[in-house]
Amino acid sequence: MILTPHLLLGAAIASKIEYAPAALLMAFLSHYFLDLIPHIEYSIKNISEKQWQKSLPDILRVFLDFSFGMLLILIFSKNQPIIYICAFIALIPDSLTIINSIFPNRILKIHNNIHRGKIHFLKHKKISTFWRILSQLLVIIASIFLLKY
């Protein structure tokens, strides 16, 4: 899933759960929940393969996606620190995947196998791009609603 829905749902969770440890845990787990839903992703193949001379478009996509999510949080939330902390916490699983691509180790490889292999199990199912995009749009809309109200 792209970063924006992960950021927004993490922030929305923080806006609704007052007990910070519970909000942090739920924001972290929300990442895996969202990755269970059919979705689209953009390629970061050049980063994963350490093709640094070709990775600028990948880095730019990640930066723009992240920036857009943060802008939506800034616009629609009450801008409390916990909201931003939970937004970042919701990105940890993808961050671990990228770190494993650059600095592989046994523990990160186990996480990657679970995250990319078991949780993204619908990735290889025939589900139209329309439904994959719609699922992310619905998460974004629901999260904005939760942030705002």
Could you tell me whether a side-chain N or O of [X] sits under 3.5 Å from a main-chain N or O of [Y], the two making a donor and an acceptor?
| X | Y | value |
| --- | --- | --- |
| Lys118 | Asn113 | no |
| His39 | Ile37 | yes |
| Gln51 | Lys45 | no |

Distance-minimising heavy-atom pair for [X] and [Y]:
| X | Y | answer |
| --- | --- | --- |
| Leu34 | Met1 | O-CE, 3.4 Å |
| Ala90 | Gly10 | CB-CA, 4.0 Å |
| Ile83 | Lys78 | CD1-N, 4.2 Å |
| Ile119 | Tyr32 | CD1-CD2, 3.0 Å |
| Pro38 | Ser135 | O-OG, 2.5 Å |
| Tyr42 | Val62 | OH-CA, 3.6 Å |

So His6 and His31, would you call those rings parallel, tilted or perpendicular, with 30° and 60° as cut-offs? parallel
What orientation do Phe145 and Tyr149 show, parallel under 30°, tilted 30 to 60°, or perpendicular over 60°? tilted
Kindly say whether the aromatic ring centers of Phe88 and Phe28 come within a distance under 6.0 Å. no
Side-chain touch [X]/[Y], heavy atoms, less than 4.5 angstrom:
| X | Y | value |
| --- | --- | --- |
| Leu91 | Phe66 | yes |
| Arg61 | Asp58 | yes |
| Tyr84 | Ile89 | no |
| Leu96 | Asn100 | no |
| Ile82 | Cys86 | yes |

Starting at [atom1] of [X], measure out to [atom2] of [Y] and round the result to the nearest 0.5 Å.
| X | Y | atom1 | atom2 | answer |
| --- | --- | --- | --- | --- |
| Ser143 | Leu147 | OG | CG | 6.5 Å |
| Ile13 | Met26 | CD1 | CE | 5.5 Å |
| Ile92 | Thr97 | CD1 | OG1 | 12.0 Å |
| Asp35 | Ser30 | CG | OG | 9.5 Å |
| Ile140 | Leu9 | CD1 | CG | 11.0 Å |

Cationic N near anionic O, under 4.0 Å, Glu41 to Arg116: yes
Out of the candidates Asp94, Leu7, Asp65, only one should pair with Ile2 under the side chain to side chain contact (heavy atoms under 4.5 Å, CB included) rule; please name it. Asp65
Return yes when atom CD1 of Ile107 has more than 12 non-hydrogen atoms of other residues, nucleotides or ligands closer than 6.0 Å, and no otherwise. no
For Lys54, is the NZ atom crowded, meaning more than 12 foreign heavy atoms sit under 6.0 Å from it? no
With sequence neighbours left out, the residues meeting side chain to side chain donor-acceptor pair (under 3.5 Å) with Gln80 are none
